[in-house]
*Asks:* 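Have a look at the structure that comes next, please.
In the text below, chain A, chain B and the rest are named by the order of the sequence lines, each starting its count at 1. Computed from a predicted structure; not experimentally measured.
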Amino acid sequence: MPKNEKQFVTEITPRETDFAKWYTDVITKSDMVDYAPIRGCMVMKPYAMSIWELIQKQMDQMFKDTGHQNVAMPMLIPESLLLKEAEHVEGFAPEVAWVTHGGNDLLPERLAIRPTSETLFCTMYAKWVQSWRDLPLLYNQWCSVMRWEKTTRPFLRTAEFWWQEGHTVHATAEEAQEETLKMLGVYRDFHEEVLAMPVLCGLKTDSEKFAGARATYGVESMMQDGKSLQAATSHNFGTNFSEPFEIKFLDKDGTQKFAHETSWGSSTRMIGGLIMTHGDDRGLCIPPRVAPVQAVILPVAQHKEGVLEAARAIADRLKAAGVRVHVDDRDTQSAGWKFNEWEMRGVPVRLEIGPRDIEARCVTFCRRDTLEKGQLSFDGLEQSLADLLVTIQDAMFAKAKAYRDARVRDAVTMEELTEGVQTGFVRAMWCGCPECEGKIKETASATARVMPFEQAKLADTCVVCGKPADKMVVWAKAY
RNA sequence: CUGGGUGUAGCGCAGCUUGGUAGCGUGCUUGAAUGGGGUUCAAGAGGCCGGAGGUUCAAAUCCUCUCACCCAGACCA
């Protein structure tokens, strides 16, 4: 290994040594975020924001394709509104930030900074829904929300975070259930195809359910330390909110009915997920579809005549073909320094172009995911690079999936379960009672992540109490 | 919230035990050479030692209180 290998390790804590430290090292050194002067808040710097914009753009298109429209709700919620759904308040009250003054005057009713917007959507829906002809309402909003969390970590859990929240209203329970599952599917596809993150989909247990929901479904992803990240959730509210908020409509049969609702959300937490899924000891590794820079062009010996011009000509060609490229023409840094920096920032492909390449009419490429090097001819470069980006996207998903699959174990005893969650996910049978679920949390410090749609009968009895069990649950330590 | 740790130059740290006008590495600025995996040399700029109070002739250093951040756990849509 070249001598820089050793120096590199001193800059980013290896994952093996301390995964949490590795994570904070990577996000700060790659210039993604900085800590804000407000407790628990982060600043997304341009590099992280570019990733978020690419996520938004592609996910938003998927929402549009499934018939949804965007709206913008206020960020403040009167306390009385928040109190309308009992379970909901109970779930969120401890972590709400309050606005108590307008200017210098004490407000007659304090206002919550939205921790989520169910109560606002429901209030408006009550006005907007009169007839079965008004349904369904399929709305979404991109915004930030605030939850006064006790412990925070950039992307994974911050006081303020950016997300999207979809809120829909339907005439029937069947339609609401269909919507809930449809959007879960959108999240699954988005994670697997865009973020290259394999996910497990399924139903949440009651204790892991959203405050106020009838049923919560989630997509769970394994990080490289074996812990699970809840990447997105989709809820079926039934009439839990429409009843207190009086979202009623006159149906075809001439009777008043309460509407059925859903909500679904995903956040900047996904960025934390992709970091912990794909990163390595050299830093970030960003899937091409969300990489702000898909190919960085490094002119080598750029002081020599014709090098910079050739690099820029290549960049122009690739830009015209729709590739996100950047020419690093800084003359203040050596080539070697730039190699390492762009690797740390996770750019999928590095293209080197120097006198030798120009003479051979090709560029030297290096893949970030495998560090494999090779040559690409000037002729047809647009297509060969596009192909390479697809190859990398697919390879990253395959690698992450293989990693996860190798760390999913089946358990029929508590010993096996406790041991398994030290390094990954454990599939085990559960009787369905909260006591057994609590016991697993106590002894293995693992929680029920999801009850997968693809069930398997691993045993006839509960892993905890030994009573008959028919639910297969995936257990893991979670973020 | 509980336990542990850390706050000194942009970043990473030493100095504190045994008080005596603040140091190293890196980065930054300027110049020269170098240039295909974190180059080299030279000359510079940069700090109310997290904050408040106290002890003292004198506090980065000792005492009290506070704030922030990090780690482990608890809690948590």
Side-chain angles (χ1 to χ4, degrees), chain A residues 1-13 17-25 28-29 31 34-42 85 87-96 114-118 145-154 156-157 159 161 163 165 204 207-213 216 218 230-235 263-267 269 282-283 298-304 307-308 311 330-344 350-360 363-366 371 373 375 441-442 445 447 477-479:
Chain A
M1 277 280 133
K3 74 174 191 330
N4 68 319
E5 196 69 9
K6 202 179 286 175
Q7 293 172 331
F8 200 86
V9 172
T10 62
E11 289 202 16
I12 296 180
T13 307
T17 310
D18 184 343
F19 195 74
K21 183 74 165 45
W22 169 84
Y23 179 76
T24 37
D25 278 357
T28 53
K29 286 174 188 192
D31 208 28
D34 204 347
Y35 293 92
I38 306 104
R39 168 205 169 82
C41 292
M42 66 168 177
E85 208 288 325
E87 261 185 62
H88 189 66
V89 197
E90 201 182 315
F92 283 103
E95 51 190 44
V96 166
R114 63 184 164 208
T116 178
S117 307
E118 270 74 13
V145 291
M146 177 159 273
R147 299 177 189 178
W148 213 251
E149 302 281 359
K150 286 175 183 133
T151 53
T152 59
R153 299 184 67 190
L156 302 175
R157 175 170 278 113
F161 59 93
W163 77 342
E165 47 179 329
K204 292 276 179 180
S207 69
E208 299 283 325
K209 204 174 62 176
F210 178 82
T216 291
Q230 177 173 292
T233 45
S234 185
H235 318 287
S263 93
W264 24 275
S266 65
S267 72
R269 181 177 240 210
R282 288 173 178 252
L298 292 189
V300 176
Q302 68 182 53
H303 57 287
K304 291 192 178 162
V307 172
L308 219 41
R330 288 175 295 178
D331 57 5
T332 50
Q333 252 66 38
S334 70
W337 195 94
K338 292 179 187 176
F339 289 176
N340 285 290
E341 189 188 39
W342 289 110
E343 274 168 11
M344 180 156 71
R350 177 177 78 234
L351 297 176
E352 301 167 29
I353 179 151
R356 295 207 291 265
D357 302 294
I358 294 170
E359 198 177 337
V363 295
T364 301
F365 76 83
C366 179
L371 300 176
K373 290 184 187 181
Q375 310 282 320
K441 190 167 185 181
E442 211 174 287
S445 61
T447 50
K477 296 188 178 186
Y479 275 97

*Asks:* Using the test side chain to side chain donor-acceptor pair (under 3.5 Å), find all partners of A/Gln230 that sit at least two apart in sequence or belong to another chain.
*Replies:*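 A/Gln230: side chain to side chain donor-acceptor pair (under 3.5 Å) contacts with A/Lys204.
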
*Asks:* Pick out the pairs of N or O atoms, protein on one side and nucleotides 74-76 of chain B on the other, that lie under 3.5 Å.
*Replies:*
| from | atom 1 | to | atom 2 | distance (Å) |
| --- | --- | --- | --- | --- |
| B/rA74 | N6 | A/Thr151 | OG1 | 3.4 |
| B/rC76 | O2' | A/Glu95 | OE1 | 3.2 |
| B/rC76 | O2 | A/Arg157 | NH2 | 2.9 |

*Asks:* Run the side chain to side chain donor-acceptor pair (under 3.5 Å) test against A/Arg114 and tell me which residues pass, sequence neighbours left out.
*Replies:*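 Residues passing side chain to side chain donor-acceptor pair (under 3.5 Å) with A/Arg114: none at all.
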
*Asks:* Within the 4.0 Å limit for protein heavy atoms, which parts of nucleotides 24-33 of chain B are touched? Write it as a string from 5' to 3', B for base, S for sugar-phosphate only, - for none.
*Replies:* ----------

*Asks:* Taking only residues two or more places apart in sequence or in another chain, which ones pass side-chain contact (heavy atoms from CB on, under 4.5 Å) with A/Ala36?
*Replies:*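 Here the qualifying residues are A/Ile38, A/Cys41, A/Val43.
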
*Asks:* Going by the rule side-chain contact (heavy atoms from CB on, under 4.5 Å), which residues pair with A/Gln333 if we only count those two or more places apart in sequence or in a different chain?
*Replies:*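 Result, side-chain contact (heavy atoms from CB on, under 4.5 Å) vs A/Gln333: A/Arg330, A/Trp337, A/Lys338.
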
*Asks:* For A/Phe19, what residues pass the ring pair (Phe, Tyr, Trp, His ring centres under 6.0 Å) criterion, not counting sequence neighbours?
*Replies:*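 For A/Phe19, the residues satisfying ring pair (Phe, Tyr, Trp, His ring centres under 6.0 Å) (neighbours in sequence not counted) are A/Trp22.
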
*Asks:* For A/Phe92, enumerate each residue passing the ring pair (Phe, Tyr, Trp, His ring centres under 6.0 Å) test, keeping only those at least two apart in sequence or located in another chain.
*Replies:*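 Partners of A/Phe92 by the ring pair (Phe, Tyr, Trp, His ring centres under 6.0 Å) criterion, ordered by chain and then number, come out as A/His88, A/Phe210.
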
*Asks:* Kindly say whether, by distance alone, the side chain of A/Glu343 makes a donor-acceptor pair under 3.5 Å with the base of B/rG37?
*Replies:*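 Looking at the base of B/rG37, it does pair with a donor or acceptor on the side chain of A/Glu343 (distance under 3.5 Å).
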
*Asks:* Holding to side chain to side chain donor-acceptor pair (under 3.5 Å), I want the full list of residues that pass it with A/Asp18, two or more places apart in sequence or in another chain.
*Replies:*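 A/Asp18 satisfies side chain to side chain donor-acceptor pair (under 3.5 Å) with no residue once adjacent residues are dropped.
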
*Asks:* So, using side chain to side chain donor-acceptor pair (under 3.5 Å) as the criterion, who are the partners of A/Thr447 when residues are at least two apart?
*Replies:*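 Checked A/Thr447 against side chain to side chain donor-acceptor pair (under 3.5 Å); matches are A/Arg449.
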
*Asks:* Quick one: ring pair (Phe, Tyr, Trp, His ring centres under 6.0 Å) partners of A/Trp342, sequence neighbours excluded?
*Replies:*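 For A/Trp342, the residues satisfying ring pair (Phe, Tyr, Trp, His ring centres under 6.0 Å) (neighbours in sequence not counted) are A/His326.
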
*Asks:* Listing time: all N or O pairs from protein to nucleotides 2-10 of chain B that are below 3.5 Å?
*Replies:*
none

